[in-house]
Amino acid sequence: MGHICGNLARKLFLLSVACSACATAASAQHIWLDPRAESKVTWSDNIDLTNANRNSGTVLNASAGLNARIEGRKLKGALDYALDYYYFLDDGDKDLRHSMFGVLDAEVIKNHLSVNTRASLQQVFLSQNASVSHSSANRSDNRRLVQNYTGSALMKGTLRGFADWRVNYRYGLVLSPADNLDDETLTTNFSDSQSHEVLASFGSGRRFNNLEWRLFGSSSFVKRNLDVNDFRNDQYGAELWYKFNRQFSVVGQVSGNRNNLQSATLSEDGLGWEAGFRWTPGPKLDASVRYGKVGARETWSARLQYLFSARIDFSGSYTDTLSADTVVLNDNLQQYQFDDEQGITDTNGLPVDERDPTFTLSDVNFRRQNATGILSWRKRRTTTYLSGNMEWRTYDDDSGNASTWGLSTGFKHKINKTTTLNGVFSYRQSRFEDQVRVDNYIVGNLQWNKKLSRYFKLSFSLDHSERQTTEVSQDTMENAVTVHLRGTF
């Protein structure tokens, strides 16, 4: 079922992309092209990110980049690409690195068909238990270029107000350098993969008030190029909502489930159920909770949003799903946006740091229990945030359970019209599958930015990265100082 639906939906998605390209040419109203050149000088006290015999040195970085943006009546897009050349003064070593992020959102047919695409080329650390750093001016076999592309097409409509329907298809492609089994420098192996995800629903329309219903079906399939187990998860079912009043409603759901996971705890066949409620007592609070059972596992999910004031708000969620790293990468990439000042940001407008590997990239499927919370505070010249997340993974190969939790805080202060001061501090603790090794990651960054003119900006930054681990002789630490000059033309 999943494979057939994936083929049909992929053809439909490709047709939608072609239509969106035509719409782009027809409705583009504003196009910006901003080439840039950058130069950095970084001193690091551990340029090889080693545990012992640390080498300090100076690294020169020259970069050429292009930022392109397009806006129209029915579309919005951005593309940012950079080519970085690193030269290590201590031994003359050289390194060339690519990075890119692209986003395109288009409404092909008003109120009926929309297309969203994302593309990413990022230098990431493959393994959680190998060398990591917040600074980029160093070298490590653990840092590799991972390419991630995803696109989704959403079709929706209504039947005279009595019923609404929607079909959402998402295609994902991950290209990994870690699929070379003969490369002994790799810190882990991770396949190239293609993913197909389909979600279709048919439910009550706007004429239904207190009683709402929905029939749904979903299929997720991940195909990997190495000789490992693929990922497949299918679900179909019915859902019923009853609204007692404007503030409180309850929901019940029954479903049929099937997947190809191997362990008795994670494999699902047969019926599942869920029950829950949503409470919105006023404009400041929106809370929902669900509890159910699927196969041999109990499931919980929850969402909470609270607006303390116009400047302070909190959002949090907890989810329990079966997943794969390819799907997680697609989920993350789908919600990213590009900000001229902060680079890649998430749905909350917070900068995304791909250099923080919460888990090692793996071809093993898993159960993912994820909790996140973000508290944001905005003042006239200062924006501050505090975010926390906790995640548990139960792997399908019986290797055990891994977990991680972390806190991150940051601020951006506008000193005057031309000067800003940014700071980030984060702490993360990770417990590995063997339940013996525990790592503590500490990252600190302080950055001063000065706009010299319309085209040039000067930055000065301090970085501290540290890992404390129970593994013997595996502690690492790096301090780095960087001077950065950026020019746009």
Side-chain angles (χ1 to χ4, degrees), residues 51 124-132 141-142 144 146 174 176 178-179 181 186-191 193 195 220 222 224 226-233 257-269 272 292-301 318-332 356-372 388-407 427-442 467-476:
N51 309 317
V124 302
F125 290 107
L126 300 176
S127 176
Q128 182 191 23
N129 55 3
S131 58
V132 295
D141 288 334
N142 196 33
R144 299 298 173 103
V146 175
V174 176
S176 163
D179 64 338
L181 301 180
L186 290 171
T187 54
T188 188
N189 289 116
F190 183 58
S191 298
S193 61
S195 62
S220 300
V222 177
R224 301 180 172 108
L226 294 180
D227 186 19
V228 293
N229 190 38
D230 294 327
F231 174 78
R232 179 176 177 178
N233 188 30
N257 304 270
R258 182 179 61 179
N259 65 53
N260 69 339
L261 275 70
Q262 308 299 308
S263 68
T265 305
L266 301 184
S267 63
E268 300 169 4
D269 287 300
K293 190 170 184 180
V294 180
R297 63 187 181 97
E298 297 181 354
T299 63
W300 286 90
S301 64
Y318 173 79
T319 57
D320 185 349
T321 57
L322 297 181
S323 194
D325 268 324
T326 298
V327 177
V328 174
L329 290 173
N330 290 342
D331 288 340
N332 294 338
D356 178 17
T358 53
F359 290 92
T360 297
L361 291 177
S362 170
D363 286 329
V364 181
N365 305 320
F366 50 84
R367 176 186 182 181
R368 185 189 189 204
Q369 298 166 273
N370 179 265
T372 60
N389 77 299
M390 183 175 292
E391 185 169 329
W392 301 264
R393 290 189 178 182
T394 303
Y395 289 96
D396 192 40
D397 61 354
D398 295 325
S399 59
N401 301 328
S403 63
T404 182
W405 68 271
L407 293 172
Y427 170 81
R428 175 173 301 282
Q429 183 181 97
S430 297
R431 185 176 296 273
F432 291 76
E433 293 90 327
D434 58 11
Q435 298 298 303
V436 175
R437 177 170 177 171
V438 178
D439 284 6
N440 297 289
Y441 302 90
I442 302 171
R467 179 179 65 196
Q468 302 172 353
T469 176
T470 57
E471 194 82 0
V472 178
S473 302
Q474 292 298 310
D475 290 350
T476 59

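Side chains are part of it too, since the values below use all heavy atoms of this structure and drop only hydrogens, waters and symmetry mates.
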Undergrad: Of all heavy-atom pairs between Q128 and F432, which one has the smallest distance, and what is that distance?
TA: OE1-CE2, 3.5 Å

Undergrad: For a side chain to side chain contact (heavy atoms under 4.5 Å, CB included) check, start with the C-alpha distance between L266 and L322, then their side-chain angles and the critical distance, and finish with the verdict.
TA: CA-CA 8 Å; L266 301 184; L322 297 181; 4.2 Å; yes

Undergrad: For A178, enumerate each residue passing the side chain to side chain contact (heavy atoms under 4.5 Å, CB included) test, keeping only those at least two apart in sequence or located in another chain.
TA: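 Listed in chain order: L126, S176, L186, F190.
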
Undergrad: Shortest non-hydrogen contact from L407 to G388?
TA: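 Heavy atoms only, the tightest pair is CD2-CA, 3.9 Å.
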
Undergrad: For the OG1 atom of T321 and the CG atom of N233, what is their distance to the nearest 0.5 Å?
TA: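 It comes to 9.0 Å.
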
Undergrad: I'd like to check the side chain to side chain contact (heavy atoms under 4.5 Å, CB included) partners of Q262; sequence neighbours left out, ordered by chain and number.
TA: N229, D396

Undergrad: Would you indicate whether the side-chain heavy atoms of Y441 and V132 approach each other to under 4.5 Å?
TA: yes

Undergrad: Go through the side-chain N and O atoms of S131 and N142 and say whether any donor and acceptor fall under 3.5 Å apart.
TA: no

Undergrad: Quick one: side chain to side chain contact (heavy atoms under 4.5 Å, CB included) partners of D179, sequence neighbours excluded?
TA: D192, N225, L226

Undergrad: Applying salt bridge (Lys or Arg N to Asp or Glu O under 4.0 Å), can you list everything that pairs with R437, at least two apart in sequence or on another chain?
TA: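 If we apply the salt bridge (Lys or Arg N to Asp or Glu O under 4.0 Å) test to R437, skipping adjacent residues, the hits are D439.
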
Undergrad: What residues form a ring pair (Phe, Tyr, Trp, His ring centres under 6.0 Å) with Y395, not counting sequence neighbours?
TA: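 For Y395 the ring pair (Phe, Tyr, Trp, His ring centres under 6.0 Å) partners, ignoring immediate neighbours, are F366.
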
Undergrad: Which value, rounded to the nearest 0.5 Å, describes the distance between E471 atom CD and N129 atom CG?
TA: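 Going from CD on E471 over to CG on N129, the span is 8.0 Å.
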
Undergrad: Shortest non-hydrogen contact from R232 to N260?
TA: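 Shortest heavy-atom separation between R232 and N260 comes out as N-OD1, 2.9 Å.
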
Undergrad: Taking salt bridge (Lys or Arg N to Asp or Glu O under 4.0 Å) as the test, write out the residues that go with E391, two or more places apart.
TA: R368, R393

Undergrad: Walk me through whether F231 and N365 qualify under side chain to side chain contact (heavy atoms under 4.5 Å, CB included).
TA: CA-CA 7 Å; F231 174 78; N365 305 320; 3.4 Å; yes

Undergrad: Are there more than 12 heavy atoms of other residues, nucleotides or ligands under 6.0 Å from atom CG of D434?
TA: yes

Undergrad: Considering only heavy atoms from C-beta outward, does the side chain of F125 approach that of R144 to under 4.5 Å?
TA: no

Undergrad: With heavy-atom distances below 4.5 Å as the criterion, would you say the side chains of D320 and S301 are in contact?
TA: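 With C-beta onward as the side chain, the pair stays apart.
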
Undergrad: Looking only at side-chain N and O atoms, does T404 offer a donor or acceptor that is under 3.5 Å from a partner on S430?
TA: yes

Undergrad: Give a yes-or-no answer on whether the side chains of R428 and N389 include a donor-acceptor pair shorter than 3.5 Å.
TA: yes

Undergrad: One pair to check against side chain to side chain contact (heavy atoms under 4.5 Å, CB included): W405 and Y427. What are the steps and the verdict?
TA: CA-CA 9 Å; W405 68 271; Y427 170 81; 3.6 Å; yes

Undergrad: With sequence neighbours left out, write down each residue that passes side chain to side chain donor-acceptor pair (under 3.5 Å) with Q468, or none if nothing qualifies.
TA: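 Applying side chain to side chain donor-acceptor pair (under 3.5 Å) to Q468 gives E466.
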
Undergrad: Where do N259 and S267 come nearest, in terms of heavy atoms and distance?
TA: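 That closest heavy-atom pairing would be OD1-CA, 3.5 Å.
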
Undergrad: Ignoring hydrogens, what is the shortest heavy-atom contact between S403 and W392? Give both atom names and the distance.
TA: CB-CD1, 3.7 Å

Undergrad: Applying side chain to side chain contact (heavy atoms under 4.5 Å, CB included) to T188 and S362, what does each step give before you reach the verdict?
TA: CA-CA 8 Å; T188 188; S362 170; 6.0 Å; no

Undergrad: Kindly write out the residues that satisfy salt bridge (Lys or Arg N to Asp or Glu O under 4.0 Å) with R431, not counting sequence neighbours, or none if the list is empty.
TA: none

Undergrad: Do you know which two heavy atoms are closest between N257 and G272, and how far apart they sit?
TA: ND2-N, 3.7 Å

Undergrad: Who are the side chain to side chain contact (heavy atoms under 4.5 Å, CB included) partners of S195, not counting sequence neighbours?
TA: E197, V222, T326, N330

Undergrad: According to side chain to side chain donor-acceptor pair (under 3.5 Å), who are the partners of D141, at least two apart in sequence or on a separate chain?
TA: none

Undergrad: Would you say N51 and S473 are linked by a side-chain donor-acceptor pair, where the criterion is simply a distance under 3.5 Å?
TA: no

Undergrad: Identify, with sequence neighbours excluded, every residue that meets salt bridge (Lys or Arg N to Asp or Glu O under 4.0 Å) alongside D475.
TA: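 Checked D475 against salt bridge (Lys or Arg N to Asp or Glu O under 4.0 Å); zero matches.
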
Undergrad: Under a 4.0 Å N-O cut-off, is there an ion pair linking R224 with D363?
TA: yes

Undergrad: Quick one: list whatever passes side chain to side chain donor-acceptor pair (under 3.5 Å) with T265, sequence neighbours left out.
TA: none

